[in-house]
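Sequence lines set the chain letters: A, B, ... in the order given, protein chains first and strands last, and positions in each chain run from 1.
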Amino acid sequence: MTTIATWNVNSLNVRMPHLQQWLQSAQPDIVALQETKLDDPKFPDDVLASLGYRSVFCGQKTYNGVAILSRKPFTAECITAVPGLEDEQKRVIAATVGDLRIVDLYVVNGQAVGSEKYAYKLRWLEAVREWLRAELQAHPNLVVLGDFNIAPDDRDVHDPAIWNADSIHSSTGERAALQSLLALGLHDAFRLKNDGGGHFSWWDYRMGAFRRGLGLRIDLILVSDALKSRVAACTIDREPRTWERPSDHAPVVLELTDPYP
DNA sequence: ATGGTGGTGATACCA
């Protein structure tokens, strides 16, 4: 079995103790991180190495920043930008581990429907789609995971009246953009194993949202056609969200059976 | 009804 996780840590500086504790208890093979908020020289790759994880990372100060951790060696140079997209923001990293291609995304938040940041979100997702089209051609065993900042459908929001067609994270345009990624031949791994609503990966820090169960499922793991039959489980680990000074996101964990033979 | 919380870093900005 291979365990692959995604977690928006909202500052790796602050969350390093949480990450260490979680790595030790969950024992994932591969972890995609978002919002590390660290310049590359400050990335704690030595500490992670002492815990048994190699890392590749692409960060900046204060905002954004992504990384992939792996117990097994990376077997190709990593990519840290969307080909052909002009973008200062460090939001993507792709790496290869064994027979798996891993693409880690920190999708643009988008602020509000109709804003400039919303337009940037949709433009960015279009460029990512064209990149993923090429990645799929080159790497049939593709996992695309991260903070998508999009709740795929109404089961993925606590209140569809609040999170509606005009709200950021659930708008018609964002959901269409996500569907066009899936149309490349990708599958929302969580939905391969769970049908119901009320499963969330993010809760606002404000108004006791976590305690009251008011969340969204916006952290996703997508798998290619070739990997679909290897998905054994996909779960959201809410426990780290209960810890003191938590990230506002919970880790999402995919379990893949090993290829036969 | 606005502000409610948190990270960064020193003041607003982003989420």
Practice item. Please step through side-chain hydrogen bond (donor to acceptor under 3.5 Å, both in side chains) for the pair A:Asn164 and A:Ser170, ending with a clear verdict. Key: CA-CA 6 Å; A:Asn164 59 46; A:Ser170 56; 5.4 Å; no
Review point. Nearest of B:dT8, B:dG4, B:dC13 to any side-chain atom of A:Tyr63?
Key: B:dC13
Exercise for review: Return the minimal non-hydrogen interatomic distance between A:Trp7 and A:Pro240, and the atom names on each side.
Suggested key: CZ2-CB, 3.7 Å
Review point. Quick one: A:Arg206 CZ to B:dT2 P, roughly how many Å, whole number?
Key: 15 Å
Exercise for review: Residues of residues 104-127 of chain A with any non-hydrogen atom less than 4.0 angstrom from an atom of DNA chain B: list those, numerically ordered, please.
Suggested key: A:Tyr106, A:Asn109, A:Lys117
Point to revise | P gap between B:dG3 and B:dG9, integer Å | key: 26 Å
Point to revise | Expected output: side-chain A:Arg217 to main-chain A:Ala151 donor-acceptor under 3.5 Å | key: no
**Study point:** Protein-nucleotide distance (A:Asn8, atom CG; B:dG6, atom P), rounded to Å
**Key:** 16 Å
Review point. Rounded to whole angstroms, how far apart are CD on A:Glu35 and P on B:dC14?
Key: 13 Å
Point to revise | Nearest-Å distance for atom pair CH2/P, residues A:Trp202 and B:dG6 | key: 13 Å
Point to revise | Gap between atoms CD and P, on A:Gln34 and B:dG7 respectively (whole Å) | key: 17 Å
Check your understanding: What distance, rounded to whole Å, do you find between the two P atoms, one in B:dG6 and one in B:dA1?
Key -> 25 Å
Review point. Taking NZ, NE, NH1 and NH2 as the nitrogens, is one of them in A:Arg191 or A:Asp156 under 4.0 Å from a carboxylate oxygen of the other?
Key: yes
Review point. Between B:dG6 and A:Ser11, is there an OP1 or OP2 to side-chain N/O distance shorter than 4.0 Å?
Key: no
**Study point:** Contact check, side chains of A:Leu105 and A:Gln34, non-hydrogen atoms, under 4.5 Å
**Key:** no
Review point. Just checking, any donor-acceptor pair under 3.5 angstrom between side chains of A:His139 and A:Asp99?
Key: no
Check your understanding: Closer than 4.0 Å, any side-chain N/O of A:Arg15 to the OP1 or OP2 of B:dG7?
Key -> yes
Point to revise | Stems where DNA chain B pairs, listed by first number, each of three or more Watson-Crick or G-U pairs under 3.5 Å | key: B:5-8 with B:12-15
Check your understanding: In whole Å, what is the span from the CE atom of A:Met16 to the C1' atom of B:dT8?
Key -> 19 Å
Point to revise | Atom-to-atom span, CD of A:Glu244 to C1' of B:dG6 - whole angstrom | key: 14 Å
Check your understanding: Which one, B:dG6, B:dG9, B:dA15, comes nearest to the side chain of A:Tyr205?
Key -> B:dG6
**Study point:** Worked check of side-chain hydrogen bond (donor to acceptor under 3.5 Å, both in side chains) between A:Asn8 and A:Trp202
**Key:** CA-CA 9 Å; A:Asn8 180 325; A:Trp202 170 85; over 6 Å; no
Practice item. For A:Met207 and for A:Val14, locate the closest nucleotide of DNA chain B by heavy-atom distance; then report the residue assigned to the nucleotide nearer the 5' terminus. Key: A:Met207
Review point. B:dA15 P sits how many Å from A:Asp248 CG, rounded?
Key: 12 Å
Exercise for review: Taking A:Ser201 for its side chain and A:Asp219 for its backbone only, find out whether a donor-acceptor pair lies under 3.5 Å.
Suggested key: yes
Practice item. Classify the side-chain pair A:Ser247/A:Arg15 by whether it contains a donor and acceptor separated by less than 3.5 Å. Key: no
